[in-house]
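One structure below.
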Amino acid sequence: MNFELTEEQKLVQKTARDFSRTELLPGAVDRDVKKIWPKEHIKKMAELGFMGMMTSPKFNGGGMDTISYTLAMEEIARSDASASVIMSVNNSLVCYLLEKYGSDFIKDSFLPQLASGKKLGAFSLSEPQSGSDASNMNTVAIKDGSNYIINGTKNWVTNGKYSDYVLVFAITEKGVGHKGISCFLVEKSFDGFEVGKPEDKLGIRSSDTTELYFDNVCVPKTHLIGKEGEGFRIALSTLDGGRIGIAAQALGIAQSALDNSISYSKERQQFGKPIAMNQSIQNKLADMAIEIESARLLTRKAAWLKDSKLDFGYAASMAKVYASEVAMRASTECVQIHGGYGYIKETGVERLMRDAKITQIYEGTSEIQRLVIARHLLK
Ligand code: CAA
């Protein structure tokens, strides 16, 4: 067993860390308060090769392994969880899905632009009435000659506003459950496609989350991904990989909570000494460090299983559920250590607590991750 990163992985980590500290961190609080989408930062992340890290170089991707991706995700999330979710959707949901399941036409036409970050993608599965019960959707795609006509409403779509292409899941055959769901690439320029207003969220406020409306949107059959009826399995297998990315995002938030807690507790004086001299603070720091390291090991293990082409879905769920709960605990303790200063926006640490919460919800709630793990144990 070797825990040492390769030279290439160390370089990815350092590049992401330097960019994150020098360019993402300085304006992160302001972008969060004002809900400013990080346009220039995403452009720079594309130039650094962070928008299609695992995609093959044949399609302008970085050709890197999943471990490298988790290292970059962790470092980006350490300063700005909003930027990291924009990155994760494009990498592990959109580019991954297209490379694995797209036709040659789809891969040649869309993947190079997405993997290089010149264009941005979104993944649209949930609907107002179907979140965890994802196959219970109402959006339909009716075949009409060499096209499909899509009607319906999707919600909670990360990158809903700023994406150029959206992967949409819709029913092509009614009455056969998940076997009637198919996946389509929809171009934003198609008639009948409308983006709803951005949601006003608790956290990850500088990323955009919207509803999407489809009113007789005509999609050529060339834009069907995989075969008719394969959409739900495509969605779930893609989410397995996405959950590793969210685990890494949660890790970055948790690590930031620990970084901030260490520096503040060394500097803050009460009763004539730094609060870090108190055992109650030291215990909090130690517990955070133990949990973060455990979450990191679970995340690396899931990434390693995926890179080794072994079954990794249950490990991805373990990493996500644990890392997201660690992020929530660590960020809450970080606010506690900062006292009143932790409760105001200026200090920047209450943002960690708000950002951590979504990692327990999106790409499958903690309850759904436990269901996936239990099904694996009991099969
Ligand atoms: N990979 C491939 N296929 C899979 C799979 C996987 N990981 N898991 C299940 N399947 C297959 C099953 O074998 C089955 O196929 P067959 O009938 O042919 O055998 C089919 O998919 C349906 O499986 P289930 O019967 O297990 O499906 P279910 O309805 O019981 O649901 C679930 C399972 C785990 C609850 C699933 O619905 C789920 O993961 N729900 C959560 C949805 C989710 O994560 N949404 C996130 C939205 S996207 C988002 O948040 C993105 C963003 O913008 C940040």
Side-chain angles (χ1 to χ4, degrees), residues 73 77 81-97 100-101 120-137 139 154-163 166-169 171 173 176-183 195-196 198-199 201 203-204 207-212 226-250 302 305-306 310-318 320-321 324 355 357-376 378-379:
M73 273 294 295
S82 293
S84 72
V85 73
I86 297 166
M87 168 178 162
S88 80
V89 166
N90 202 66
N91 273 273
S92 47
L93 298 186
V94 177
C95 289
Y96 174 83
L97 186 155
K100 184 150 187 213
Y101 297 106
L120 189 65
F123 178 92
S124 178
L125 177 68
S126 303
E127 297 186 1
Q129 79 297 337
S130 67
S132 294
D133 185 10
S135 68
N136 183 30
M137 60 180 63
T139 299
K154 294 284 180 183
N155 72 345
W156 312 132
V157 184
T158 303
N159 297 344
K161 181 173 175 193
Y162 292 96
S163 56
V166 183
L167 301 179
V168 179
F169 297 86
I171 297 170
E173 187 182 352
V176 291
H178 75 82
K179 291 193 168 77
I181 294 173
S182 305
C183 175
V195 177
E199 303 291 353
K201 295 171 293 185
I204 55 164
S207 69
D208 69 305
T209 307
T210 65
E211 282 199 327
L212 299 178
K227 295 199 186 86
E228 262 192 34
E230 284 183 352
F232 194 57
R233 268 167 289 148
I234 291 176
L236 292 190
S237 77
T238 301
L239 281 165
D240 284 342
R243 289 165 183 169
I244 300 176
I246 301 304
Q249 178 190 39
L305 285 168
K306 178 166 171 283
L310 296 166
D311 185 13
F312 69 92
Y314 77 99
S317 287
M318 281 188 185
K320 184 189 181 279
V321 74
S324 61
D355 287 347
K357 188 62 207 168
I358 192 61
T359 66
Q360 295 180 297
I361 298 173
Y362 59 20
E363 300 206 20
T365 61
S366 293
E367 292 73 14
I368 289 296
Q369 306 311 323
R370 288 189 165 87
L371 179 148
V372 170
I373 296 161
R375 282 185 180 177
H376 177 81
L378 296 170
K379 79 179 174 193

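Worth saying up front: this structure is predicted, and the values here are computed from it rather than measured. Remember, it's 1-based here, ligands and their atoms both numbered in the order they're listed. All residue numbers refer to positions in the sequence shown, counting from 1.
- Side-chain contact check for Ser88 versus Leu93: every heavy-atom pair is 4.5 Å or farther apart.
- Residue contact check: Lys179 has heavy atoms under 4.0 Å from atoms 17 (O), 18 (O) of ligand 1.
- The shortest distance between side-chain heavy atoms of Arg243 and Ser317 falls below 4.5 Å.
- The side-chain contact (heavy atoms from CB on, under 4.5 Å) test with Phe123 singles out one residue from Val168, Leu239, Val166, and that residue is Leu239.
- Here atom 53 (O) of ligand 1 lies nearest to Thr158 when heavy atoms of Leu93, Thr158, Val85 are compared.
- Among all protein heavy atoms, the one lying closest to atom 13 (O) of ligand 1 is Arg233 CD, 4.8 Å.
- When only modelled atom types and interatomic distance are considered, Tyr101 and Thr238 share no side-chain donor-acceptor pair under 3.5 Å.
- At the shortest separation from atom 24 (P) of ligand 1 among protein heavy atoms lies Arg375 NH1, 3.9 Å.
- An N or O contact shorter than 3.5 Å links Ser132 to ligand 1 by distance.
- Taking the six-membered ring for Trp and thresholds of 30 and 60 degrees, His376 and Tyr314 have nearly parallel ring planes, at less than 30 degrees apart.
- Proximity to Gly131 (heavy-atom distance under 4.0 Å) selects the following atoms of ligand 1: 42 (C).
- Near Phe232, meaning under 4.0 Å from any of its heavy atoms, are these atoms of ligand 1: 22 (C), 27 (O), 37 (O).
- Considering only non-hydrogen protein atoms, atom 44 (O) of ligand 1 sits nearest to Arg243 NH2, 2.8 Å.
- Here the protein heavy atom with the shortest distance to atom 17 (O) of ligand 1 is His178 NE2, 2.8 Å.
- Glu199 and Thr209 share no donor-acceptor pair across their side chains, judged by distance under 3.5 Å alone.
- The atoms of ligand 1 that sit less than 4.0 Å from any heavy atom of Trp156 are 53 (O).
- Assignment of Ser126 to the shell around ligand 1 is supported, since a heavy atom sits closer than 4.0 Å.
- Near Leu239, with a cut-off below 4.0 Å to any heavy atom, the atoms of ligand 1 are 43 (C), 44 (O).
- A donor-acceptor contact closer than 3.5 angstrom is absent between the side chains of Gln360 and Ser324.
- Distance remark: protein heavy atom present below 4.0 angstrom from atom 36 (C) of ligand 1.
- Contacts of Phe312 classified as ring-ring contact (aromatic ring centres under 6.0 Å, His included), with partners at least two apart in sequence or in another chain: none.
- Within ligand 1, counting atoms from 1 as listed, the ones closer than 4.0 Å to a heavy atom of Asp240 are 1 (N), 6 (C), 7 (N).
- Side-chain atoms of Asp208 come within 3.5 Å of backbone N or O of Gly160 as a donor-acceptor pair.
- Proximity of Ala122 to ligand 1 is not established, as no heavy-atom distance is less than 4.0 Å.
- Each of the following atoms of ligand 1 lies closer than 4.0 Å to a heavy atom of Glu363: 44 (O), 46 (C), 49 (C), 50 (O), 51 (C), 54 (C).
- Of all atoms in ligand 1, listed by their number and element, those nearer than 4.0 Å to a heavy atom of Gly364 are 43 (C), 44 (O), 46 (C).
- The presence of a protein heavy atom under 4.0 Å from atom 41 (C) of ligand 1 is confirmed.
- Counting only non-hydrogen atoms, the option in Ile368, Thr209, Leu236, Val372 that gets closest to atom 10 (N) of ligand 1 is Leu236.
- Using a 4.5 Å heavy-atom cutoff, the side chains of Leu305 and Asp311 are not in contact.
- For the residue pair Thr139 and Glu127, a side-chain donor N or O sits within less than 3.5 Å of a side-chain acceptor on the partner.
- Taking the side chain as every heavy atom from C-beta outward, Leu97 and Ile234 approach each other to under 4.5 Å.
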